[in-house]
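Please read all numbers here as calculations on a predicted model, not as lab measurements. Just so you know, these numbers use all the heavy atoms, side chains as well, and skip hydrogens, waters and symmetry mates.
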Amino acid sequence: MTAKICALYKFADCPDFEVLRVDLLATTKQLGIMGTLLIAPEGINGTIAGPPEGIDQFVTYLENDPIFSGRFKDAEIKYAQEDKNPFVRMKVRLKREIVTLRAPKADPRQVVGTYIAPSDWNALIADPDIVLVDTRNAYETEEGIFKGAIDPKIRTFTAFKKWAEDNLDPARDKKVAMYCTGGIRCEKASAYLLAEGFENVYHLKGGILAYMEQVPKEESLFEGGCFVFDSRGVVGAD
């Protein structure tokens, strides 16, 4: 049976994240869904897969069930198809952060950079004053990168803070644009730079995956493939 893959995240206030974990785990198991969800005080993040109808029911539940009080409406969600489920079990994990940066002042629930739609991304990064930064880890950037982007060559996302401190300057770098796989890391990185005094910070809405879906290949400025965290490995490579 074809499996529908769903990658999702949403920054939202979740002081009751421990209670939400119980409900999320019970519902995903009931719908025959497998994969991993992370739930933390700052929101939800994860990738799951299951029968197409099960995934559709789960998304409806996530966006509309009274237990969530609308907190996960308009979550960033991307879909893909596989011949079989790439996951073998379902896990819902309690975390301190849904994407680990260990910088409390970086809170996308409070402030975040300017979202740039994939259709507008090429025009933005063509600006000669833009400093374009890839916020992913080195093993991901090895597979593909936007033309002209700076590769920090970090091994973990937490290392982005030190790299930014050493290589970016709010007095010099007036416009900074960032991107990542699906949007979550650059969203948090943009909140971090804003807290550090940068004024014009932009990030690619939906990340590389949304860009690949929406921008024709002949117009794409992304070179290579995009590493993803499931059985597909790398997508979009020539």
Heavy-atom closest pair (Ile150 atom, Trp163 atom, distance to 0.1 Å) is CG2-CZ2, 3.5 Å
To the nearest 0.5 Å, how far apart are [atom1] in [X] and [atom2] in [Y]?
| X | Y | atom1 | atom2 | answer |
| --- | --- | --- | --- | --- |
| Lys147 | Leu221 | NZ | CG | 7.5 Å |
| Glu63 | Asp65 | CD | CG | 12.0 Å |
| Tyr179 | Ile208 | OH | CD1 | 6.0 Å |

If you measure only the distance, is there a donor-acceptor pair under 3.5 Å linking the side chains of [X] and [Y]?
| X | Y | result |
| --- | --- | --- |
| Asn64 | Lys73 | yes |
| Thr141 | Asp134 | no |
| Tyr115 | Asp120 | no |

Parallel, tilted or perpendicular: which one describes the rings of Phe11 and Tyr9, with boundaries at 30° and 60°? perpendicular
Side-chain heavy atoms of Lys174 within contact of Asp129, under 4.5 Å: no
Do the side chains of Asp127 and Lys175 get close enough for a salt bridge, i.e. N-O under 4.0 angstrom? yes
Got a salt bridge between Arg102 and Glu97, using NZ or NE/NH1/NH2 to carboxylate O under 4.0 Å? no
Measure from NZ or CZ of Lys4 to the centre of the six-membered ring of Tyr79, then state whether that distance is under 6.0 Å and the direction lies within 45° of the axis. yes
Quick one, Arg185 with Arg136, criterion side chain to side chain contact (heavy atoms under 4.5 Å, CB included). Give me CA distance, side-chain angles, the key distance, then yes/no. CA-CA 8 Å; Arg185 277 177 284 184; Arg136 299 173 302 154; 3.7 Å; yes
May I ask you to check whether over 12 heavy atoms, not counting those of Lys105, lie within 6.0 Å of atom NZ? yes
Tell me whether Arg21 contacts the main-chain N or O of Val92 through its side chain, where contact means a donor paired with an acceptor under 3.5 Å. yes
Looking at Glu219, is its backbone amide N or carbonyl O close enough to the side chain of Asn122 to form a donor-acceptor pair, meaning the two atoms are under 3.5 Å apart? yes
